[in-house]
Trainee: 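First, the structure itself, so that you have it in front of you.
All values below were derived from every heavy atom in this structure, side-chain atoms included, with hydrogens, water molecules and symmetry-related copies excluded. Protein chains get the first letters and strands the later ones, always in sequence-line order, with residue 1 at the start of each.
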Protein chains: 2
Amino acid sequence: MDESLDHKLIYYINKWVKLDPEEEKKILASFEKQAVKKKIKLLEPGQVCQYIYFIIQGGARSYYHDAKGDEHIYQIRLENNWISDLESFFSQQPSKFYLETLEESIVLRISPEVLENLYEEVPKMERYFRILFQKAYINSLARLNSTMWETAEERYNEMIKENCDILQRVPQTYIASYLGIAPESLSRIRKKK
Amino acid sequence: MDESLDHKLIYYINKWVKLDPEEEKKILASFEKQAVKKKIKLLEPGQVCQYIYFIIQGGARSYYHDAKGDEHIYQIRLENNWISDLESFFSQQPSKFYLETLEESIVLRISPEVLENLYEEVPKMERYFRILFQKAYINSLARLNSTMWETAEERYNEMIKENCDILQRVPQTYIASYLGIAPESLSRIRKKK
DNA sequence: TTTTTTTCTTAACATAGGTTAAGGGTGCAG
DNA sequence: CTGCACCCTTAACCTATGTTAAGAAAAAAA
């Protein structure tokens with residue numbers, strides 16, 4: 001049901017901050033729903049990132065090109081997660097990243113101005129994002145540590161354990177890049193099983 | 001001057017949220033100042049992390065032991081930065097980390113309960129920490145990306161550029177570990193200059 | 001001042017993953 | 001249905017860094 005998809009956002013916010021119906025209404029009114037086909041770019045280098053996206057359904061990735069022109073995955077996000085170029089979104093400076101759908105997706109998006117306004121109207125959203133960013137930061141430090149001290153195989157196994165259907169939904173070239181290894185190395189790891 | 005040291009915290013908070021004198025007073029009243037000698041442990045594995053620390057002066061590191069008993073640096077923080085085991089601090093579950101001073105230090109510390117209370121009394125603190133964690137998360141993603149795709153030498157050079165006196169203040173074994181390389185590899189890199 | 005501990009460096013050898021080149025299979029577009 | 005693009009695999013060779021062992025210098029403690 002269409003309405004129940006929107007309420008996925010409300011459901012996830014309610015996990016961390018208790019909203020009353022009036023607050024829920026204001027939050028939903030602040031987001032725009034968008035259906036996007038696969039491989040559609042939501043952001044390109046040089047553009048200022050105008051939205052942070054909550055993925056109701058589907059998935060997206062962010063990536064950039066290095067000095068040699070090689071593509072590197074920066075983020076992979078599937079449904080029930082947020083994606084953006086946060087640096088550009090908050091600083092309103094041009095981004096260096098592409099943001100692209102991995103499959104046909106439905107997202108809820110909000111702009112920085114509307115989000116600032118929402119913080120004023122619904123202060124619990126400030127708390128929600130404080131909790132979201134604190135958890136994201138904790139996870140990111142743990143992932144950094146794994147990348148430094150674990151083998152590529154260990155990291156791959158942990159990724160599969162956490163999200164066993166990602167292999168069906170995301171090309172292995174992207175998974176390899178997200179793990180910080182070459183596609184050939186991922187094949188080499190997979191062959192060991 | 002003793003009082004001006006405390007106001008370092010206020011100065012940094014005011015960079016992102018504008019406080020009135022009443023709010024400043026409440027904030028300072030919520031923190032405890034602590035002078036700690038070098039190599040003193042603020043946290044050990046098995047303990048629940050009871051404080052988040054703002055370092056007024058000096059520095060600290062967090063580290064853990066891997067399955068082989070090898071020590072790995074997780075965080076290095078110098079003055080005007082925060083340090084804690086955030087996972088343990090917010091979940092109130094036992095930590096896996098040591099938290100130890102790098103040199104004689106002065107810190108301001110706050111417990112989770114007092115911080116929750118402060119969020120109620122001074123809502124701008126919710127905003128301050130939302131901004132702090134969002135920036136920390138952005139930096140952590142960038143650092144993760146560098147670790148994956150840049151050489152150890154490139155990462156070392158960037159670290160030195162950002163903090164040129166860290167070599168005088170932090171043992172090179174710690175710097176190597178923080179960069180995700182062996183001490184011998186750091187010596188090899190330094191030899192190239 | 002001396003001894004001990006800590007820190008740092010060095011080099012030979014080992015290894016995980018990168019690079020290069022090649023080829024096969026699947027899915028999509030015309 | 002066919003051809004092309006994309007995805008994935010494989011292996012030989014290369015490289016950045018790890019490991020091991022050893023030793024020197026500096027700092028700290030007695």
Side-chain angles (χ1 to χ4, degrees), chain A residues 37-41 59 61 63 65-73 76 98 100-104 144-160 165-193, chain B residues 37-41 59 61 63 65-73 76 98 100-104 144-160 165-193:
Chain A
K37 291 195 174 301
K38 179 175 177 173
K39 277 192 175 287
I40 295 300
K41 291 189 173 37
R61 66 178 177 134
Y63 67 99
H65 289 282
D66 68 16
K68 296 181 212 148
D70 295 329
E71 190 175 289
H72 297 276
I73 296 289
I76 293 179
Y98 296 89
E100 183 181 85
T101 49
L102 290 165
E103 54 197 38
E104 190 151 339
L144 171 60
N145 198 70
S146 296
T147 297
M148 287 183 182
W149 303 113
E150 293 175 15
T151 64
E153 183 176 350
E154 289 169 329
R155 302 204 312 278
Y156 172 70
N157 290 340
E158 280 162 17
M159 183 191 215
I160 295 309
D165 79 327
I166 197 171
L167 279 169
Q168 281 74 54
R169 299 178 63 189
V170 180
Q172 279 166 34
T173 307
Y174 295 174
I175 292 175
S177 184
Y178 180 78
L179 289 171
I181 63 177
E184 293 83 359
S185 300
L186 181 53
S187 284
R188 186 187 285 145
I189 287 168
R190 285 167 50 79
K191 180 184 180 181
K192 283 177 156 187
K193 297 190 168 344
Chain B
K37 291 194 171 304
K38 178 174 178 173
K39 276 192 177 287
I40 295 300
K41 292 190 171 37
R61 66 176 177 135
Y63 66 98
H65 289 282
D66 66 18
K68 296 183 211 145
D70 295 329
E71 190 175 288
H72 296 276
I73 296 289
I76 292 178
Y98 296 88
E100 182 181 83
T101 48
L102 290 165
E103 53 196 39
E104 190 151 339
L144 171 61
N145 197 71
S146 297
T147 297
M148 288 183 181
W149 304 113
E150 293 176 15
T151 65
E153 183 175 350
E154 290 171 328
R155 302 203 313 278
Y156 171 70
N157 290 340
E158 280 162 17
M159 184 191 213
I160 295 308
D165 79 327
I166 197 171
L167 278 169
Q168 282 72 54
R169 299 178 62 188
V170 179
Q172 281 168 33
T173 307
Y174 296 174
I175 291 175
S177 184
Y178 181 77
L179 289 172
I181 63 177
E184 294 82 358
S185 298
L186 181 52
S187 285
R188 187 186 284 146
I189 288 167
R190 285 166 50 77
K191 180 183 181 182
K192 283 177 157 188
K193 295 182 169 355

Trainee: Quick one: B/R190 CZ to C/dT10 C1', roughly how many Å, whole number?
Mentor: 14 Å
Trainee: If the helix axis at each end comes from five base pairs, how far does the helix from C/dT1-D/dA30 to C/dG30-D/dC1 deviate from straight, to 10°?
Mentor: 50°
Trainee: How would you summarise protein contacts on nucleotides 24-30 of chain D per nucleotide, using B for base, S for sugar-phosphate only and - for none, with heavy-atom distances below 4.0 Å?
Mentor: -------
Trainee: Measure the spacing between CD1 of B/I181 and CE of A/M148 and express it to the nearest 0.5 Å.
Mentor: 9.5 Å
Trainee: Looking only at heavy atoms, which two atoms of B/V170 and B/I175 are closest? And how far apart?
Mentor: O-CD1, 3.7 Å
Trainee: Apply side chain to side chain contact (heavy atoms under 4.5 Å, CB included) to residues B/T147 and B/R155 and explain how you reach the verdict.
Mentor: CA-CA 7 Å; B/T147 297; B/R155 302 203 313 278; 3.9 Å; yes
Trainee: Would you sort out whether B/R61 and B/Y98 count as a side chain to side chain contact (heavy atoms under 4.5 Å, CB included), showing the intermediate values?
Mentor: CA-CA 8 Å; B/R61 66 176 177 135; B/Y98 296 88; over 6 Å; no
Trainee: Mark yes or no for whether B/T173, through its side chain, and B/P183, through its backbone, hold a donor-acceptor pair below 3.5 Å.
Mentor: no
Trainee: Which pairs count as side chain to side chain donor-acceptor pair (under 3.5 Å) when at least one residue sits in residues 176-187 of chain A, sequence neighbours excluded?
Mentor: A/R143-A/Y178
Trainee: Rounded to the nearest 0.5 Å, what separation is found between the CG atom of B/L167 and the CZ atom of B/R190?
Mentor: 5.5 Å
Trainee: Do any N or O atoms of the protein come closer than 3.5 Å to N or O atoms of nucleotides 14-23 of chain C, and which pairs are they?
Mentor:
residue: C/dG17; atom: OP1; partner: A/A152; partner atom: N; Å: 2.5
residue: C/dG17; atom: N7; partner: A/R188; partner atom: NH1; Å: 3.4
residue: C/dG18; atom: OP1; partner: A/A182; partner atom: N; Å: 3.4
residue: C/dG18; atom: OP2; partner: A/A182; partner atom: N; Å: 3.1
residue: C/dG18; atom: OP2; partner: A/S185; partner atom: OG; Å: 2.3
residue: C/dG18; atom: O6; partner: A/R188; partner atom: NH2; Å: 2.8

Trainee: Residues from residues 168-179 of chain A sitting under 4.0 Å of DNA chain C, heavy atoms only?
Mentor: none
Trainee: Measuring from atom OH of A/Y156 to atom CG of A/L186, what distance do you get when rounded to the nearest 0.5 angstrom?
Mentor: 5.5 Å
Trainee: Below 30° counts as parallel, above 60° as perpendicular, anything between as tilted: where do the rings of A/H72 and B/W149 land?
Mentor: tilted
Trainee: Roughly how far apart are B/I40 CD1 and B/L102 CG, rounded to 0.5 Å?
Mentor: 12.5 Å
Trainee: Please enumerate all residues that pass side-chain contact (heavy atoms from CB on, under 4.5 Å) together with A/T151, with sequence neighbours excluded.
Mentor: A/E153, A/E154
Trainee: Can you check whether A/K191 has a side-chain N or O nearer than 4.0 Å to OP1 or OP2 of D/dA11?
Mentor: yes
Trainee: How close do B/I160 and B/I166 get, counting heavy atoms only, and between which atoms?
Mentor: CD1-CG2, 4.2 Å
Trainee: Taking atom NZ as the centre, does A/K38 end up with more than 12 heavy-atom neighbours from other residues, nucleotides or ligands that are less than 6.0 angstrom away?
Mentor: no
